[in-house]
J.: 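Next up is a structure, given as structure tokens.
Side chains are part of it too, since the values below use all heavy atoms of this structure and drop only hydrogens, waters and symmetry mates. Residue indices begin at 1 and follow the sequence shown.
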Amino acid sequence: FALLFMDGLVVFTSGVVFGLERAMYALLALYITSKTVDMVQMGIGYSKLAFIISSKQLEVGQAILKDLDRGVTIVNATGGYTGSDRKILLVVFEQKETTRLKEIVRVIDPLAFVVVANAHEVLGEGFKRVENH
């Protein structure tokens with residue numbers, strides 16, 4: 001938070017002293033710098049993580065295993081609103097497979113609830129190898 005505050009203060013001050021146009025260039029440079037630092041720290045190749053809640057979880061899971069050749073983990077959960085037992089499918093996949101995964105789910109269960117998030121570091125089979133030391 002302190003770094004964000006200081007950067008904001010510098011950009012604001014540059015806007016007052018040098019004008020709005022130069023402050024916008026400073027803001028753009030700040031954004032590019034932060035993205036570059038993220039890329040260096042986290043790596044370029046983001047993986048994705050999907051949580052899928054479906055009444056057809058077995059069919060969806062089998063299609064992901066077969067069509068995407070990705071592992072599927074079934075997580076037991078309880079619905080917060082209904083209190084009913086549910087199964088959540090957890091899938092980790094490459095960013096380029098996002099459209100295909102969503103299409104697989106949509107075709108089998110158009111009413112499925114799908115959350116896709118970035119996974120910054122994935123270790124294990126099919127992804128980056130874990131080094132033994």
Side-chain angles (χ1 to χ4, degrees):
F1 179 75
L3 184 60
L4 178 64
F5 177 76
M6 291 303 295
D7 286 340
L9 186 62
V10 168
V11 170
F12 175 76
T13 304
S14 71
V16 171
V17 174
F18 299 111
L20 184 60
E21 183 178 352
R22 289 192 177 163
M24 294 303 289
Y25 282 123
L27 194 59
L28 179 63
L30 185 61
Y31 176 78
I32 291 170
T33 301
S34 69
K35 287 299 177 185
T36 302
V37 168
D38 285 349
M39 207 167 50
V40 168
Q41 287 181 336
M42 299 295 186
I44 295 173
Y46 290 109
S47 294
K48 296 285 187 177
L49 171 68
F51 297 99
I52 304 164
I53 301 172
S54 169
S55 59
K56 300 178 180 179
Q57 77 266 359
L58 292 177
E59 295 96 325
V60 171
Q62 288 301 314
I64 292 169
L65 284 166
K66 181 179 171 235
D67 296 345
L68 273 187
D69 194 28
R70 290 291 174 192
V72 178
T73 300
I74 299 173
V75 180
N76 292 317
T78 303
Y81 180 74
T82 63
S84 62
D85 291 336
R86 302 287 242 158
K87 305 274 189 209
I88 298 175
L89 301 178
L90 180 122
V91 183
V92 178
F93 54 98
E94 294 294 331
Q95 187 166 337
K96 64 185 175 190
E97 297 170 319
T98 304
T99 303
R100 182 69 185 123
L101 177 101
K102 291 192 292 187
E103 180 67 13
I104 288 169
V105 175
R106 187 191 63 75
V107 166
I108 296 171
D109 185 4
L111 300 177
F113 185 76
V114 180
V115 177
V116 177
N118 287 330
H120 292 286
E121 187 171 20
V122 180
L123 306 173
E125 188 173 338
F127 294 92
K128 191 183 340 177
R129 293 265 181 217
V130 179
E131 298 295 324
N132 293 330
H133 294 288

J.: For a 4.5 angstrom cut-off between non-hydrogen side-chain atoms, does Val116 reach Leu49?
T.: no
J.: How long is the gap from NZ on Lys87 to OG on Ser55, to the nearest 0.5 Å?
T.: 14.0 Å
J.: Are Val114 and Leu58 connected, step by step, through hydrophobic side chains (Ile, Leu, Val, Met, Phe, Trp, Tyr) whose heavy atoms are closer than 4.5 Å?
T.: no
J.: Thr78 versus Arg86: any side-chain heavy-atom pair under 4.5 Å?
T.: no
J.: Would Val11 and Ile32 show up in the same hydrophobic cluster when neighbours are defined by side-chain heavy atoms closer than 4.5 Å?
T.: no
J.: According to a hydrophobic-cluster definition based on side-chain heavy atoms being under 4.5 Å apart (Ile, Leu, Val, Met, Phe, Trp, Tyr only), do Leu30 and Val10 belong together?
T.: no
J.: Hydrophobic clustering (ILVMFWY, side-chain heavy atoms < 4.5 Å, transitive) - are Val107 and Phe113 grouped together?
T.: no
J.: If I take atom NZ from residue Lys48 and atom CG from residue Leu101, how far apart are they, to the nearest 0.5 angstrom?
T.: 11.5 Å
J.: Do Phe51 and Leu90 come within less than 4.5 Å of each other through their side chains, counting heavy atoms only?
T.: yes
J.: Any chance you could measure Ile64, atom CD1, to Glu59, atom CD, to the nearest 0.5 Å?
T.: 11.5 Å
J.: In Å, rounded to the nearest 0.5 Å, how long is the span from CD1 of Ile53 to CG of Leu111?
T.: 13.0 Å
J.: Counting only heavy atoms from other residues, nucleotides and ligands, does the tally under 6.0 Å from CG of Asn118 exceed 12?
T.: yes
J.: In Å, rounded to the nearest 0.5 Å, how long is the span from CG of Asp85 to CG of Asn76?
T.: 7.5 Å
J.: If you compare all heavy atoms of Ser54 against all heavy atoms of Val60, which two are closest, and at what distance to 0.1 Å?
T.: OG-CG2, 4.0 Å
J.: Which heavy atom of Val91 sits nearest a heavy atom of Gly71, and at what distance?
T.: CG1-O, 3.9 Å
J.: If you look only at distance, which donor and acceptor atoms sit under 3.5 Å apart when one is on a side chain in residues 16-29 and the other is two or more places apart or in another chain?
T.:
none

J.: Can you confirm whether Glu94 sits close enough to Ser47 that some side-chain heavy atom of one is under 4.5 Å from a side-chain heavy atom of the other?
T.: yes
J.: Mind listing the closest non-hydrogen atom pair of Leu89 and Gln57 along with its distance?
T.: CD1-O, 3.5 Å
J.: What distance do Lys96 atom NZ and Thr98 atom OG1 have between them, rounded to the nearest 0.5 Å?
T.: 11.0 Å
J.: What pairs meet the salt bridge (charged side-chain N to carboxylate O under 4.0 Å, His left out) rule with one or both residues in residues 101-111, with sequence neighbours excluded?
T.: Glu103-Arg106
